[in-house]
Chemist: 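I have a structure I would like to understand better, so I am pasting it below and will then ask my questions one at a time.
Values reported hereafter were calculated over all heavy atoms of this structure, with side chains retained and with hydrogens, waters and symmetry mates removed.
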Amino acid sequence: MKKITIYGKSYCGYCDAAKRMCETLGAEYDYIDVFASPETETQHKTLVEKYQHYTVPLILADGEFVGGFTELQAAHKAGKLG
């Protein structure tokens with residue numbers, strides 16, 4: 001299964017749902033709070049600009065852009081997460 005990276009905010013329900021989904025699937029994942037440090041905020045802003053995805057969560061699978069929680073669900077259902 002691909003390693004998932006979730007950029008999110010602590011008060012985001014969709015971010016929590018993405019984490020729960022990864023845990024349920026047994027997928028390895030990293031959660032990065034975009035406000036944890038200036039570095040993580042800059043990383044997130046760079047990804048927002050690159051992918052034109054303005055909401056959280058912003059999710060990558062093995063470094064490839066997936067989208068948000070809905071797109072993560074769709075990728076799983078389509079067998080694209082491995």
Side-chain angles (χ1 to χ4, degrees):
M1 181 160 285
K2 294 182 179 183
K3 183 175 180 182
I4 308 298
T5 305
I6 303 166
Y7 286 85
K9 298 176 183 177
S10 61
Y11 52 84
C12 170
Y14 286 108
C15 301
D16 292 338
K19 292 188 286 185
R20 280 193 306 274
M21 182 177 163
C22 289
E23 291 165 2
T24 300
L25 296 174
E28 183 180 350
Y29 76 95
D30 288 325
Y31 173 76
I32 300 169
D33 186 324
V34 299
F35 295 132
S37 71
E39 180 181 85
T40 59
E41 193 169 353
T42 298
Q43 287 173 349
H44 179 248
K45 285 181 182 180
T46 299
L47 293 171
V48 165
E49 290 173 11
K50 181 176 182 177
Y51 298 114
Q52 301 295 299
H53 185 83
Y54 300 102
T55 61
V56 291
L58 186 152
I59 301 172
L60 307 173
D62 281 350
E64 294 182 23
F65 179 69
V66 173
F69 175 66
T70 303
E71 292 82 10
L72 180 65
Q73 284 181 311
H76 168 64
K77 289 179 182 177
K80 294 180 180 178
L81 298 180

Chemist: Roughly how far apart are Y31 OH and T5 OG1, rounded to 0.5 Å?
Modeler: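 Rounded to the nearest 0.5 Å, the OH-OG1 separation comes out at 13.0 Å.
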Chemist: Kindly list each side-chain donor-acceptor pair under 3.5 angstrom involving residues 46-58, sequence neighbours excluded, with atom names and distances?
Modeler:
unit_1, atom_1, unit_2, atom_2, d
T46, OG1, T42, O, 3.0
Q52, OE1, Y54, OH, 2.3
Q52, NE2, E49, O, 2.7
H53, NE2, T55, O, 3.3
H53, NE2, P57, O, 3.2

Chemist: Does one hydrophobic cluster hold both Y14 and L25, with members joined at side-chain heavy-atom distances below 4.5 Å?
Modeler: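 They do share one cluster, since a chain of ILVMFWY contacts under 4.5 Å joins Y14 to L25.
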Chemist: Hey, any chance Y29 and L60 share a hydrophobic cluster, counting ILVMFWY side chains that come within less than 4.5 Å of each other, even indirectly?
Modeler: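 Different clusters.
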Chemist: Do I6 and F35 share a hydrophobic cluster, counting only Ile, Leu, Val, Met, Phe, Trp and Tyr and linking them when any side-chain heavy atoms are less than 4.5 Å apart?
Modeler: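 No, it is not one cluster - the side chains of I6 and F35 are not joined through contacts under 4.5 Å.
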Chemist: Show the atom names and distances, to 0.1 Å, of all donor-acceptor pairs under 3.5 Å that link a side chain in residues 70-82 to residues at least two apart or in another chain.
Modeler:
unit_1, atom_1, unit_2, atom_2, d
E71, OE1, G68, N, 2.7

Chemist: With sequence neighbours left out, write down each residue that passes side chain to side chain donor-acceptor pair (under 3.5 Å) with D30, or none if nothing qualifies.
Modeler: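 D30 satisfies side chain to side chain donor-acceptor pair (under 3.5 Å) with K3 once adjacent residues are dropped.
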Chemist: Is there side-chain contact between D33 and T40, with at least one heavy-atom pair below 4.5 Å?
Modeler: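 No, too far: nothing below the 4.5 Å cut-off.
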Chemist: Any chance CD of E23 has more than 12 other-residue heavy atoms, nucleotides or ligands included, within less than 6.0 Å?
Modeler: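 Result for CD/E23: enclosed.
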Chemist: Distance from I32 atom CD1 to E41 atom CD, nearest 0.5 Å?
Modeler: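 One finds 13.5 Å between CD1 of I32 and CD of E41.
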